[in-house]
Each structure stands twice: as structure tokens, then as C-alpha cells.
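In what follows, a single structure is set out as C-alpha cells and then discussed.
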Amino acid sequence: MSEEKKSLNFIEQIIEEDLKTGLNPEKLRFRFPPEPNGYLHIGHAASICLNFGLGEEYNAPVNLRFDDTNPAKEEQEYVDAIKKDIQWLGFEWDQELYSSDYFQQLYNWAILLIKKGKAYVDDQTSAQIAEQKGTPTKDGEDSPYRNRSVEENLELFEKMKKGDFDEGSHVLRAKISMKATNMLMRDPIIYRVLKRSHHRTGSDWNIYPMYDWTHGESDYIEQVSHSICTLEFKHHRELYDWFLDQVYDENKLRPKQREFARRNLSYTVMSKRKLLQLVEEGIVNGWDDPRMPTISGLRRRGYTPKAIRDFSETAGIAKRDNVTDIALLEFHIKNELNKTAPRVMAVLNPVKLVITNYPEGKEEILIAENNPEDENAGTREMPFSRELYIEREDFREQANKKFFRLKLDKEVRLKSAYIIKANSVIKDENGEITEIHCTYDEDSRSGSGSEASKRRVKGTIHWVSIPHAIPAEVRLYDRLFTDEAPDSHKDKDFKEFINPDSLKIIDNAFVEPSLKPAKIGDQFQFQRLGYFNVDDDSTSDKLVFNRTVPLRDSWAKQNK
RNA sequence: UGACCCAUGGUGUAACGGUAGCACUCCGGUUUUUGGUAUCGUCAGUCAAGGUUCGAAUCCUUGUGGGUCAACCA
């Protein structure tokens, strides 16, 4: 058995190196740390797959930690949605934790910082502080409050905590250097006054710790070995390490922050702020709109956990900015559904077809294969009759040889049924075809084994029997944006690239009767059309389908 | 006029000083009762210039291009 050597991504290489230089494998621990201020998206999925994937690979625990230090933005609704999404993706966290669990510890450590002379209370306004901060190319200057005595700092910080000060009036800052080239090191704020109710700690606190002060210390408390975040936090690493230095005990594990490039997808945006905007402005119908790149949107659209995990695996991780082609995601869902989705027939743009030599009132049951890719999928019964619906695009009065579908005086096979020949059409006063009249070859029934059934005709089209057809609503989705990277244009707002045709609702589609009992979430291949699932809006009275992704269509391509 | 990070086909990634590989996309052939699937194949890449070396995508230098950093957000 030759074990193929799997190449390691750079994070795995770092871990291997750490293991080689003495890190006990049992000390390996990871975490996924979302802020509960929005829904998870496919970019988060990359991070989830990375962290939980490492957990599986190294048999190490992975904590789910909600980074909830800003009560102004965070809500329980988001906590619940995030947990649901991670579980749906098929991952299990070791402990469910909250940064807010550590508020007391963080406060105690802040006191320690003050006592060591490494933190001070600043009474200035945020504008003054910003002014003194300088710019990346100009040094900052010290706050007039920078050298307060420890006693005074302790007293003022206590007052901040008690609620004696108004929001914005006082902050606690780390005393590092106002001349650092890294702006984050210019005496960063570590506590601010916020008289807000927190979704977990209620009104216990009048001060809340900032991200930088919280994150590394939380990793340390949990003894996370590798704290993996995205590239925009690269500059924070220096601060992360500085804060760690203040509390680090050599007998404990020292967490290591490393950064990777976040996953961007073409034709969409991937920032919570922008996604929130789409939701709030009603451009989409909520976080789980099937056009959204959120996990919940993809789920509703018909994406599966496996497709998303396979996508993350294939896309990999690295440190360079990227815009991954959405086609890769689509490849993975098609690849999976091709093997698992039952084939059915649905007509989205119906035109009536009458088989003139088929006895009026006659019905018969035909047998159709459920999935040619899965021999265990079995067969189903399909009622057939004299009047059918076929796709309007599948018929032309005249067409060249490249058109394999139905045309006058030519034959085509009705999938799983008979070979028919078109003879004439009936049109309305506008010239629109209202009926196609044809004749069928009675001996050509699919699977009958007859000579005629083995005849080869160029085209095969799908159909539904009119008396048995079930009306349905079908929602066709296209990309939400017309630009590959809508938020990459400096001079233009991403909303200028919204695709006005991203949703097309067809309310007069017909599906085969076997779909009658279909349940929300069920997935099918509508033959020759694409993969569809039953939408959350669907009821037994009115079936609603979403098109997850169309089938590859080399005919459409040819006609471009 | 700063610091830090990044640079491999159209896209995403691999190669860790020793044959530039994989996947997606695109294009073409074969098969097919889905113009799907499968299968075979084509096109296509190391940002540039120097240097080190028997040998450089890989190490060094310089340049170029892109990104990040000046929220009491995370």
C-alpha cells in the first residue's frame, strides 16, 4: 500500500515544526472565535474547516469561542445561528465558550498592568487621542495623562468600572510607545466605558475590554496552542505577544497567532458589514436568501455540508489575496448531487403537445430510472397520456442539423417514453404556438426491448403528462453581482454591481406527480435543467423549488 | 513618502536547492434514452533584472505590482 504523501499547508508545516521542536502533541488545541454580530459565510467556512480540520487531523480539541466584547453589536440570535451552521457543517466543538466568561480575569490582569506601570487612564476625547496618535509616517505624541501615578490610575479605573464616568470620557490604555511604527502599539486602548446591557453578563459591567486585550489572553486562558486568524490581523500579532508577555507564566503553554488569507469568492462580497447592508436595505430577503454567500443562504439554496467542505479542502489556504472562482464551489455541489440526487422531470416553460394517434382518455404507467449514476436508486412510475407539456425551447418549426430537439417532420425521444414525430402546430393570433401536434411510435416504448425501442434518434427531451402534472413555483437564481470582485473598485460602491436579474420566479412550472410528497430540503435533478431543492416556503398546496445550480449546458454555450 | 505582508497558467493551490504537479474554468474528440455524467485530449504559468550555486519558483539584492495599518469595531 503506497501512502501518497499529502502536501501540508503552511499552518500544518508550522505545527509540524513545533511538534518537532518539543511541543507535546497533547497540548495541541485550536479555536474558532466568531463575533456574534452576523451570520457565518463561506469565508468563515474556510476558517471553520481549517481549525476543525486541524482538530480532526491531530486529534486535538477545538473550542467554539464567541468573541463578545462589544455589547453594542452582538446578539443572541447570531450566537444561535452560528452554532447551528457549524453543526450543520458537521463539526463538533470541544467547549462552547465566551470571551465574556473572562471579563473578571481580564479586569484583574488590567489591575496588574496598572500596578506594573504599564497601563494608564486617559481622560481625553477619542478625537484628541486620535490626533495624538500620529500617522504611519509621523510619530505620535504622549498623552498628558500618560504619567499618572499608579494610585490615581487604580482609583480612576475603579470609578470607570463602577459607572461613575460617562461613555467616551475615560479609557484605559496600555503604556507602550507613541513612536512605534506599528500604529497598534501606540498606547492602545484596552478598556472603554460602555453602559450597555450585554447578551450574557447583562448590566454587570460598565467597562468592556477591547479585542486585542481580550483575544490573546482568552487564547492563553484556554491554552490554545495555535490561534489562527486572517491576514488583516497580522499587525496585531506584535500587540498580541506584548499582552501575553505581561501575564505569561513559563509553566504554561504560550499561544501562537498565525495568519492566513481569507477566502474570497467571485461575484459576491464577503464582509459582514456589506452582507448586513444587503439584508437591511432589502436587496435580498434576509441572511438566508439563497443568493447570499452565507452558510444559511447556501444551505437554503441546496448546497450540502460535504460540498462546502470539499470546496474548502480543494481551495486550500495560503497567504496571498485571492478571489476564488465560484465555479469551483459549483463544481463540488454538482459533483455530489450527480451521485445522490434523484432524477425527475419538470417543465419550466410549458407548451402543450398532443399525440394525435394516442387514444383519447388512455393512460399508462411507464417506468423511469431514478438515477443512472446509482444502481441502487431504483425506478419510479410515470403516468403517460395523450397530452403533455414540453419545454417551449425544445421545439422549433424549422432548425438546422445542430438542433437535436423536436422540429416538424422530425423525430425525438420523450425521455423514458416513446419516440414521437412532430406534424403540425396551432398558433394563436399573435403567432405564438399554443399546441404541437405529433404522432408516436407505439412500439418504441423505453425499455420494452422492441426493435423500435432501440432505434436511435438524435434528441431526447423531458415532459410531464398534463392531467397528472403538479403546478409548482420555481426560483431561478443567478449571481448577485455582475462584477467578479464588486468590492474591489476604489471609486465605486459595490452595490453598483448588483445584478438586477439575480432572481427569476417562475410560477407556472409543472413537475411530475412523484414530486407530490416532496419535503422541504429534498433535492432533485430536474433532468436536462439542473439541481433543485424544495424551498422553506414550500407547502403541500404549493411546491416551491430553488435552482441550486444548473447543469452544464454545452448547447447554450454553442449558441452564444 | 514609513512599517509589515504577499507575488507560480484565466482561477485556486503544490513543489521547501534537483523533471514546475493537481483541481476548477476554457476548448476539442469518444460514449450516452439527460446537449448531463463518464472518458480521452489540447491550450496555458514561476512579476522583472542582477547575484550565489554544478543546479534557483525556492536563497540574497534591487526594482515593479498588489495588500494591510492612523475605530473608545472585531
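Computed from heavy atoms alone, side chains included, the values below leave out hydrogens, waters and symmetry copies. Residue numbers start from 1 in every chain, and the chains themselves are labelled A, B, ... in the order their sequence lines are given, proteins ahead of strands.
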Which value, in whole Å, describes the distance between the [atom1] atoms of nucleotides [N] and [M]?
N	M	atom1	value
B:G35	B:A48	C1'	46 Å
B:G65	B:U32	C1'	49 Å
B:U33	B:G28	P	22 Å
B:C16	B:A20	P	13 Å
B:U46	B:G12	C1'	16 Å
B:C40	B:G50	C1'	45 Å
B:G41	B:U58	C1'	32 Å
B:U13	B:A7	P	10 Å

Base, sugar-phosphate, or nothing: which does [X] touch, judged by heavy atoms less than 4.0 Å apart?
X	answer
A:Ser554	sugar-phosphate
A:Lys272	nothing
A:Glu238	nothing
A:Val457	nothing
A:Arg263	sugar-phosphate

Measure from the ring center of [X] to the ring center of [Y] and say whether it is less than 6.0 Å.
X	Y	result
A:Phe524	A:Phe532	no
A:Tyr418	A:Phe384	yes
A:Tyr191	A:Tyr208	no
A:His215	A:Phe233	no

If a protein heavy atom is under 4.0 Å from the base, mark B; if only from the sugar-phosphate, S; if neither, -; do that for nucleotides 63-74 of chain B going 5' to 3'.
----SBSB-BBB

I'd like to compare against my own output: the B/S/- annotation of nucleotides 37-48 of chain B with a strict under-4.0 Å heavy-atom distance to protein.
B-----------

In terms of the nearest nucleotide of RNA chain B, which residue is placed more toward the 5' end: A:Thr314 or A:Gly459?
A:Thr314

In terms of the nearest nucleotide of RNA chain B, which residue is placed more toward the 5' end: A:Pro372 or A:Ala327?
A:Ala327

When the distance from [atom1] of [X] to [atom2] of [N] is rounded to whole Å, what number comes out?
X	N	atom1	atom2	result
A:Arg262	B:U13	CZ	P	14 Å
A:Glu393	B:G35	CD	P	13 Å
A:Lys415	B:G35	NZ	C1'	13 Å
A:Phe260	B:U13	CZ	C1'	15 Å
A:His462	B:U33	NE2	P	18 Å
A:Asp241	B:C4	CG	P	16 Å
A:Lys401	B:G35	NZ	C1'	18 Å
A:Leu328	B:C24	CG	C1'	5 Å

Can you find a donor-acceptor N/O pair under 3.5 angstrom joining the side chain of [X] to the base of [N]?
X	N	result
A:Gln525	B:U34	yes
A:Thr137	B:U1	no
A:Arg413	B:U33	yes

Test of understanding: with side-chain hydrogen bond (donor to acceptor under 3.5 Å, both in side chains), list the residues that count as partners of A:Arg309, not counting sequence neighbours.
none

Validation row: A:Arg65, A:Asp219 side chains within 4.5 angstrom (heavy atoms)
yes

Salt bridge or not between A:Arg148 and A:Asp123? Use side-chain N to carboxylate O under 4.0 Å.
yes

Candidate nucleotides [options], ranked by approach to the side chain of [X] - the nearest:
X	options	value
A:Lys234	B:C5, B:U33, B:A15	B:C5
A:Lys557	B:G35, B:G2, B:C26	B:C26
A:Gln13	B:C27, B:A15, B:G2	B:A15

Assign the ring pair A:Phe32 / A:His44 to parallel, tilted or perpendicular, where the plane angle (0 to 90°) is split at 30° and 60°.
perpendicular

Under a 3.5 Å threshold, yes or no: a donor from one side chain and an acceptor from the other, between A:Asn182 and A:His235?
no

Can you name the one residue among A:Asp122, A:Asp212, A:Asp142 that meets salt bridge (Lys or Arg N to Asp or Glu O under 4.0 Å) with A:Arg173?
A:Asp122

Distance check: side-chain N/O of A:Arg456 vs OP1/OP2 of B:U32, anything under 4.0 Å?
yes

Are any of A:Asn322's side-chain N or O atoms less than 4.0 Å away from OP1 or OP2 of B:U11?
no

So does A:Glu75 have more than 12 non-hydrogen atoms from other groups sitting under 6.0 Å from CD?
yes

For A:Lys195, does the NZ atom have more than 12 heavy-atom neighbours from other residues, nucleotides or ligands under 6.0 Å away?
yes

With a 3.5 angstrom cut-off on both distances, give the Watson-Crick or G-U wobble partner of B:A3, or none if there isn't one.
B:U68

